[in-house]
Amino acid sequence: MTGPLRRVRALPLRSRLALLVATAVAAAVAAVAVACWFVTREQLEDRQDEALRGTQVDQTYLVNLYRYCKGTTKLPPTAYSGFTVQLIDAQGNACVAPGSPELPVSEDDLDVVGSDRPGPLHTETASDGARMRVFTYPVTATGGPAEPHTELGVSIARPLSEVGDPLSTLAWVLLLVSGIGVVGAGAAGLWIARSGLRPVDELTEAVEHVARTEDLTVRIPVEGEDEIARLSHSFNSMTASLATSRDRQAQLIADAGHELRTPLTSLRTNVELLARSEETGRAIPPDDRRALMASVKAQMTELAALIGDLQELARPDAAQPGPLQVVALHDITRAALRRARLRGPELTITEDLAPWYVRAEPAALERAIVNVLDNAVKFSPSRGTIDVVLHRGRLTVRDHGPGIPADELPHVFERFWRSPSARQLPGSGLGLSIVARTVRQSGGDIALTPAEGGGTEAVINLPGAPQPPPDAVTA
């Protein structure tokens with residue numbers, strides 16, 4: 001059984017569908033044909049039995065036959081058309097008309113002689129080998145006026161070929177019709193499979209084309225709302241997403257190359273100046289040397305920050321947040337403020353932090369808040385003020401810097417986007433993009449808006465979580 005199944009599974013899908021349809025139709029046709037044959041046989045046999053029960057041989061014919069059997073007349077009686085008529089006496093002697101086959105006498109036939117009831121229908125084999133259906137009923141006959149009456153049995157028989165021949169013809173007709181039906185069903189199944197699987201062929205060709213050429217602009221026409229249409233729509237959505245992802249990847253590489261080029265160029269220039277000084281023996285003035293070294297250090301710091309941001313974006317699990325846990329947002333913000341004060345010691349940073357617990361990844365959330373505070377420190381004027389307020393899950397960071405023009409606000413969360421006014425400041429343009437992603441993964445949102453009186457206000461909204469027990473460890 002395993003071999004045929006393996007061979008069937010090796011067939012193309014359309015061939016398997018056609019074979020399945022043909023097999024199903026063959027089974028259905030066979031069941032109907034067999035049922036039809038048995039029902040027809042039952043009907044024919046019942047009608048033959050009813051005809052035998054309803055037949056009464058003419059009394060004159062019986063008298064003539066009886067006299068013939070007694071030898072009182074030499075003239076044969078007129079034959080009964082379609083019937084075999086046999087007389088049976090009480091001793092089991094049987095007599096039939098000339099040319100008719102003799103029937104065997106059964107016990108049921110003998111019981112009928114001298115009784116007042118007919119015997120049961122039964123099947124016997126006549127002397128000529130024909131199978132006959134026999135019905136026997138009682139009669140009283142006489143051989144002449146001077147003879148006493150004699151109790152006899154009359155067996156009426158009809159050949160079973162009257163039923164068998166039509167059944168044989170019906171069987172051949174059903175077999176022929178079934179064969180035509182199965183062949184037609186197989187052809188129809190093959191045609192339906194080809195028509196139904198044509199969209200699948202188109203989809204296969206499209207997938208092979210994409211795999212061969214990496215052309216993600218291929219689209220499959222979507223017709224209808226069936227499963228094939230859904231599959232085509234899903235394929236189109238997948239290729240569109242892949243094309244967008246590849247475009248973003250290419251843009252990310254181009255932007256990263258552009259961002260890396262500036263600090264690398266500056267770093268290379270400074271290193272070449274220091275190397276030339278060593279090669280030529282010309283000493284660089286101390287103030288200029290200190291400026292070069294400070295520039296090299298600043299460029300290396302910027303490169304390290306940029307590489308760190310790129311690594312954050314390239315993490316395999318970047319799209320999926322780490323294990324979320326209930327953390328104290330006020331404590332995380334306070335830790336971020338300590339780092340921000342180190343980066344802007346000349347600034348005044350005020351804080352008003354009400355307790356609030358959220359469900360987030362602690363390290364990622366702290367990094368996001370640090371990035372927001374770094375932006376505020378970067379754009380605040382010397383000896384400026386930064387106000388940080390946390391109230392019922394709304395964290396507000398307000399600086400008093402130059403602010404962000406309204407036409408630039410829609411782009412602040414894009415990767416590598418930097419305001420023209422900030423191109424000379426250190427940074428990679430990735431910080432706010434990472435902040436937005438982290439906040440969204442925690443179920444919140446972030447927005448940057450112009451603040452009243454100048455500056456920018458960054459607002460982070462995070463949904464609350466149940467406060468952990470006092471002995472629970474929080475970030």
Side-chain angles (χ1 to χ4, degrees), residues 301 304-305 308-313 315 317-345 347-380 384-401 412-413 415 426-449 451 455-475:
T301 302
D309 290 340
L310 289 174
Q311 288 177 333
E312 176 69 17
L313 291 174
R315 281 192 302 119
D317 58 344
Q320 297 292 333
L324 300 183
Q325 53 184 286
V326 177
V327 296
L329 180 59
H330 49 283
D331 289 341
I332 290 180
T333 304
R334 194 170 287 114
L337 283 170
R338 287 195 292 269
R339 296 170 61 179
R341 288 189 175 98
L342 294 176
R343 301 180 185 185
L347 300 176
T348 299
I349 302 179
T350 65
E351 60 179 85
D352 181 10
L353 307 178
W356 189 256
Y357 294 88
V358 299
R359 190 178 299 277
E361 184 183 1
L365 183 59
E366 182 175 349
R367 178 182 175 86
I369 297 176
V370 167
N371 282 341
V372 174
L373 293 173
D374 277 348
N375 271 358
V377 170
K378 186 189 305 181
F379 292 102
S380 292
T385 301
I386 298 175
D387 301 317
V388 181
V389 178
L390 172 60
H391 181 67
R392 300 188 63 82
R394 179 183 174 91
L395 177 62
T396 303
V397 179
R398 191 229 197 268
D399 63 51
H400 294 77
V412 293
F413 296 110
R415 293 178 178 178
S428 63
L430 294 174
L432 289 178
S433 174
I434 296 174
V435 171
R437 188 193 66 202
T438 302
V439 171
R440 284 194 298 268
Q441 289 174 346
S442 300
D445 60 76
I446 180 173
L448 265 65
T449 58
T456 302
E457 185 176 72
V459 180
I460 298 176
N461 290 291
L462 289 172
Q467 182 177 347
D471 58 344
V473 178
T474 58

Sequence neighbours excluded, which residues qualify as side chain to side chain contact (heavy atoms under 4.5 Å, CB included) partners of Arg338? Arg334, Ala335
Restricting to non-hydrogen atoms, name the atom on Pro362 and the atom on Ala360 that form the minimum distance, rounded to 0.1 Å. CD-O, 3.4 Å
Closest approach of Ala368 to Val435 (non-hydrogen atoms, all atoms of both residues): O-CG2, 3.3 Å
Could you check whether any side-chain heavy atom of Asn375 comes within less than 4.5 Å of a side-chain heavy atom of Leu448, counting everything from C-beta outward? no
Give me each pair satisfying side chain to side chain donor-acceptor pair (under 3.5 Å) with a member in residues 455-465, each pair once, sequence neighbours excluded. Asp445-Asn461
Quick check: does any side chain N or O of His400 sit under 3.5 Å from a backbone N or O of Thr385, one acting as donor and the other as acceptor? yes
CG on Asp331 to OH on Tyr357, rounded to 0.5 Å: 6.5 Å
Min side-chain heavy-atom separation Thr396-Asp387 under 4.5 Å: no
Minimum-distance pair of heavy atoms, taken over all atoms of Ala340 and Leu373: CB-CB, 3.9 Å
Here the gap from Thr438 atom OG1 to Glu361 atom CD, rounded to the nearest 0.5 Å, amounts to 8.0 Å
Mind checking what makes salt bridge (Lys or Arg N to Asp or Glu O under 4.0 Å) contact with Arg394, not counting sequence neighbours? none
Between Val372, Leu347, Asp399, which is the residue that forms a side-chain contact (heavy atoms from CB on, under 4.5 Å) with Val377? Leu347
Who are the side chain to side chain donor-acceptor pair (under 3.5 Å) partners of His330, not counting sequence neighbours? none
side-chain contact (heavy atoms from CB on, under 4.5 Å) between Asp352 and His391, intermediate numbers included: CA-CA 8 Å; Asp352 181 10; His391 181 67; over 6 Å; no
Going by heavy atoms in the side chains, are Leu365 and Leu462 under 4.5 Å from each other? yes
Using the test salt bridge (Lys or Arg N to Asp or Glu O under 4.0 Å), find all partners of Asp374 that sit at least two apart in sequence or belong to another chain. Arg343
Closer than 3.5 angstrom, by distance alone: can the side chain of Arg398 be matched with the main-chain N or O of Gly455 as a donor-acceptor pair? no
Using the test side chain to side chain contact (heavy atoms under 4.5 Å, CB included), find all partners of Thr333 that sit at least two apart in sequence or belong to another chain. Leu329, Leu337, Leu353, Ile369, Val388, Leu395
